[in-house]
K.L.:
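Got a structure for you, questions after.
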Amino acid sequence: HGSNSLQPLETTISDMERFKDSSNLELHCPNCSQQFVFGGVIASNFYQMCYNGLQCKKCEHIFTPIQLSCQLESIIRAHISLYYAGWLVCDDMTCGNVTRQISVFGKRCLNEGCTGVMRYRYSDKQLYNQLLYFESLFDCAKNKKQELKAVYYEGDKDYPKEKLSESSVMVLTEQNRELFEINRAVIEKYLSNCGRRYVDMGGIFDFMTN
Ligand SMILES: [Zn+2]
Ligand SMILES: [Zn+2]
């Protein structure tokens, strides 16, 4: 099957569903060290997108493009090394055995008496989705349509005090287009290295139906 056969599957899944297990993009301000979750052009108590970039609300420092893309790249590398570390975890909740050792009995848990099955803690599906999630944060069209996975929910202690109007989202996204494209290119580099998107279509199809 060609790449087009995937289109309906890819597009019928909302970002909310597809990225439900993906980790947030946690950044820190290079000036005051405040840590915060970056969720795209959204309202946040910790940062704002201004006309010339990403601004820390605590100290008003504006990230240089390189400060943002370097943090993004080191976070991507951390996720990739976690994946390559190959940790296995027992799927029996009462056991929770974590190891890098693969049993001679295949996927069986090595803890005595446990009937659990060892699974990769960080699967290729998760890594792929994680990269796609990061990419979505810098996707201008998705930002404008406000289709990104929510990072704050009503009732959270960090739920933003102020809202961001639809027109502000449109304008700020457009003003930061170049910055967002730089970061997308960083992610694209790893996505295409990962290869799955372009060559292993069969593999993608498999994990989506499993
Ligand atoms: Zn700061
Ligand atoms: Zn076990």
Side-chain angles (χ1 to χ4, degrees), residues 21 23-79 82-127 133-134 137-138 143 148 150-152 156-164 168-169 171-173 175-180 182-184 186-187 207 210:
D21 298 323
S23 306
N24 288 330
L25 181 57
E26 284 188 49
L27 301 176
H28 66 268
C29 172
N31 186 51
C32 74
S33 305
Q34 172 189 228
Q35 295 211 342
F36 61 91
V37 173
F38 177 77
V41 187
I42 56 160
S44 164
N45 297 333
F46 305 95
Y47 77 93
Q48 61 189 6
M49 292 310 299
C50 60
Y51 72 93
N52 56 348
L54 167 62
Q55 184 173 35
C56 170
K57 275 194 170 177
K58 196 175 173 191
C59 74
E60 298 186 335
H61 171 77
I62 297 173
F63 284 55
T64 64
I66 199 86
Q67 282 174 336
L68 179 55
S69 60
C70 277
Q71 276 193 47
L72 174 66
E73 187 151 15
S74 79
I75 289 163
I76 290 172
R77 282 164 181 249
H79 278 280
L82 208 60
Y83 164 71
Y84 280 119
W87 291 95
L88 294 153
V89 64
C90 177
D91 70 351
D92 184 336
M93 297 291 274
T94 59
C95 170
N97 183 21
V98 178
T99 181
R100 292 173 76 167
Q101 217 183 334
I102 296 172
S103 161
V104 289
F105 303 110
K107 291 177 166 177
R108 234 183 70 186
C109 177
L110 286 176
N111 270 2
E112 225 179 302
C114 181
T115 55
V117 173
M118 303 302 288
R119 296 185 192 287
Y120 279 104
R121 184 146 75 170
Y122 206 147
S123 68
D124 47 3
K125 175 189 176 182
Q126 272 177 294
L127 177 63
Y133 172 61
F134 289 160
L137 296 173
F138 300 100
N143 271 287
L148 301 179
V151 291
Y152 299 116
D156 287 358
K157 73 172 169 57
D158 292 332
Y159 191 76
K161 299 179 185 80
E162 291 155 23
K163 283 198 184 304
L164 204 55
S168 300
V169 172
V171 171
L172 290 168
T173 303
Q175 285 169 340
N176 286 285
R177 178 174 287 276
E178 204 179 326
L179 179 71
F180 278 20
I182 291 169
N183 288 290
R184 272 191 91 172
V186 168
I187 301 158
F207 79 59
N210 278 340

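Heavy atoms only: backbone and side chains are in, while hydrogens, waters and symmetry mates are out. Whatever order the structure lists ligands and atoms in, that order sets their numbers, starting from 1. Bear in mind the structure is a predicted one, so any value in this text is a computation, not a measurement.
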K.L.:
Measuring only between side-chain heavy atoms, which start at C-beta, is F180 closer than 4.5 Å to M49?
P.N.:
yes
K.L.:
What is the distance from atom CD1 of I182 to atom CD1 of I66, rounded to the nearest 0.5 Å?
P.N.:
8.0 Å
K.L.:
Looking at the Zn ion (ligand 1), is one of the N, O or S atoms of C29 less than 2.8 Å from it?
P.N.:
yes
K.L.:
Can you measure from CG (L68) to CD1 (I62) and round to the nearest 0.5 angstrom?
P.N.:
12.5 Å
K.L.:
In a check of side chain to side chain donor-acceptor pair (under 3.5 Å) between Q55 and each of E60, Q48, H61, which one passes?
P.N.:
Q48
K.L.:
How large, to 10°, is the angle at the Zn ion (ligand 2) when you draw lines to SG on C114 and to SG on C109?
P.N.:
110°
K.L.:
Work out the angle at the Zn ion (ligand 1) between SG of C59 and SG of C32, rounded to 10°.
P.N.:
110°
